[in-house]
Q: 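Please read through the structure below; I'll follow up with questions.
In listed order, ligands and their atoms are each counted from 1. Just so it is clear, the structure is predicted and the values come from calculations on it, not from any experiment. Index from 1, following the sequence.
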Amino acid sequence: MKFNNIDFDTYFKSYPDKNGYFGKYGGAYISEDLRLAMKEITAAYYTICKSSKFIAELRKIRREFQGRPTPISYLERLSTSIGNVQLYVKREDLNHTGAHKLNHCMGEALLAKYMGKKKVIAETGAGQHGVALATAAAYFGLECDIYMGSVDIRKQAPNVARMKILGANVIEVTEGLQTLKEAVDAAFLAYSREYKDAIYCIGSVLGPHPFPMMVRDFQSVVGIEARAQFLEMTGELPDAIVACVGGGSNAMGFFSGFLNDPVTIYGVEPLGRGRNMGDHAASLNYGEEGIMHGFNSLMLKDENGDPAPVYSVASGLDYPSSGPEHAFLHDIGRVTYDVINDDETIDAFYTLSRMEGIIPAIESAHAVAYGIKLAHEMEHGSVLINLSGRGDKDMDYVIERYGIR
Ligand SMILES: *Cc1c(COP(=O)(O)O)cnc(C)c1O
């Protein structure tokens, strides 16, 4: 299928190019030390990802450890209450550890093992990526260093406990604002010192090449499964698909299964409290081109051109940029990026819980809210929503801040 002069029949052979670019976005803007490390990972990944041994081992892990394939559920009560549009969800909440993040962490840790590394290194904000990576490290018997700001360590006690139970070292970062940005800097610094024995594992389709490509490839299992399952269930493709976009990994994996199909694709960004700078994290809707954390993409900038402060009720979505491939798909118009605010999200959180018996992560509730909106606007057809994770981690917070509705 051709779209805006881009040939989607051969898309995955052409994007990214050999330097990691999706159009003008992507690349690797890093120090000389890290350049060597990235070269090593890129060469290893291009070789190993074609090896039948690696592919077979990853498939076995998906099936026997992660519990894949995750199902698609038809939302019968919700669809009927809205009208004639049929809503479905892809159940990444049922993936082991309760979200999609384990899909790329298992791939990254398996790559580490094939490269003969002893340790995995990462940063974490809310702790979701740290927990997924600690899980993967325990499975493979790798050491695991997770860098986390002091403020986040205090706020996210249950995830800190999970990481420690799984055997990870949680390393406190006391610089600056003591949150995600400083943790990223500390993790990169540690990696540039330890790259001979360690591999850095990024938490989304972000960072320097090859990470946006690698994480997309590891997450593509979501889209491949969903497309086959939906065809099997209904005999057709969905008319529209929807996913929430923070860094963009669950969306990119899900979308990649449908890019070459006549399916309308929506990415949903968090509008938080509103359109003013500092009140949202909708970088694809309101950002400009810029470089941060080693890659070129659309980002929200402050008056000095630095990454702007961002906000969302969903801590997994509050990042001032998104993956370069999303910026590219945005510019060519293949994916429509739109927004959902905090209030609409909390409504959808309760609606899905009450009408279907599925408590979604607040991140995923953004996609659910958008799917419901679409269902009200469309006259007929089907919408498939990626339910990126379960909401157990968010229940106390929702009750405390919004009460039982
Ligand atoms: C981390 C997280 C996200 C956001 O990350 P992406 O890379 O944009 O997918 C979304 N949903 C859940 C449940 C998460 O844990």
Side-chain angles (χ1 to χ4, degrees), residues 70 89-105 107-108 122-133 135 152 156 158-159 162 180 201-207 211-223 242-256 266-270 281-284 293 295 297-298 310 312-327 329-330 335 337 339-340 345 348-349 352 358-370 385-395 397-398:
T70 59
V89 282
K90 172 67 171 162
R91 301 290 306 275
E92 288 307 289
D93 60 316
L94 297 178
N95 196 32
H96 179 44
T97 71
H100 69 288
K101 283 194 175 72
L102 195 65
N103 298 332
H104 63 252
C105 286
E108 288 175 318
E123 74 290 329
T124 197
Q128 297 300 108
H129 177 51
V131 169
L133 192 61
T135 302
D152 288 332
Q156 309 291 342
N159 277 342
R162 274 187 200 108
L180 183 61
C201 293
I202 235 152
S204 189
V205 284
L206 303 169
F211 284 104
M213 170 185 73
M214 235 165 61
V215 172
R216 172 194 74 192
D217 293 354
F218 289 140
Q219 285 294 348
S220 67
V221 65
V222 178
V242 183
C244 66
V245 181
S249 65
N250 87 84
M252 210 48 251
F254 185 54
F255 295 169
S256 67
Y266 297 95
V268 184
E269 295 199 292
S283 49
L284 297 161
H293 295 156
F295 65 103
S297 189
L298 292 170
V310 285
S312 163
V313 66
S315 53
L317 301 181
D318 100 18
Y319 183 71
S321 184
S322 289
E325 191 165 9
H326 284 293
L329 294 169
H330 168 270
V335 177
Y337 294 89
V339 293
I340 284 289
T345 300
F349 175 90
L352 193 71
I358 302 170
I359 303 175
I362 309 187
E363 290 81 4
S364 324
H366 283 76
V368 174
Y370 199 80
I385 301 161
N386 196 27
L387 201 77
S388 54
R390 68 177 180 224
D392 305 46
K393 67 183 178 60
D394 301 314
M395 294 186 300
Y397 175 80
V398 169

Q: Asp394: which residues meet the side chain to side chain donor-acceptor pair (under 3.5 Å) condition with it, sequence neighbours left out?
A: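 Counting only residues at least two positions away or on another chain, Asp394 forms no side chain to side chain donor-acceptor pair (under 3.5 Å).
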Q: Atom CD1 of Ile202 and atom CZ of Phe295: how far apart are they, to the nearest 0.5 Å?
A: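 Going from the CD1 atom of Ile202 to the CZ atom of Phe295 covers 8.0 Å.
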Q: Shortest non-hydrogen contact from Ala122 to Cys201?
A: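 Minimum heavy-atom contact is CB-O, 3.3 Å.
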Q: For the pair Ser204 (side chain) and Gly248 (backbone), establish whether a donor and an acceptor sit closer than 3.5 Å, ignoring hydrogens and angles.
A: yes
Q: Going by the side-chain hydrogen bond (donor to acceptor under 3.5 Å, both in side chains) test, name the single residue among Asn95, Asn250, Thr70 that passes it with Asn103.
A: Asn95
Q: Over all heavy atoms of both residues, which pair between Glu363 and Lys393 is shortest? Give the atoms and the distance, please.
A: OE1-NZ, 2.8 Å
Q: Which atom pairs, nitrogen or oxygen on both sides, join ligand 1 and the protein at under 3.5 angstrom?
A:
from: ligand 1; atom 1: 7 (O); to: Ser204; atom 2: OG; distance (Å): 2.6
from: ligand 1; atom 1: 7 (O); to: Gly248; atom 2: N; distance (Å): 3.2
from: ligand 1; atom 1: 7 (O); to: Ser249; atom 2: N; distance (Å): 2.7
from: ligand 1; atom 1: 7 (O); to: Ser249; atom 2: OG; distance (Å): 2.7
from: ligand 1; atom 1: 8 (O); to: Gly246; atom 2: N; distance (Å): 2.8
from: ligand 1; atom 1: 8 (O); to: Gly247; atom 2: N; distance (Å): 3.2
from: ligand 1; atom 1: 8 (O); to: Gly248; atom 2: N; distance (Å): 2.7
from: ligand 1; atom 1: 9 (O); to: His100; atom 2: NE2; distance (Å): 3.0
from: ligand 1; atom 1: 9 (O); to: Ser249; atom 2: N; distance (Å): 3.4
from: ligand 1; atom 1: 9 (O); to: Ser249; atom 2: OG; distance (Å): 3.2
from: ligand 1; atom 1: 9 (O); to: Asn250; atom 2: N; distance (Å): 2.8
from: ligand 1; atom 1: 9 (O); to: Asn250; atom 2: ND2; distance (Å): 2.8
from: ligand 1; atom 1: 11 (N); to: Ser388; atom 2: OG; distance (Å): 2.7
from: ligand 1; atom 1: 15 (O); to: Lys101; atom 2: NZ; distance (Å): 2.6

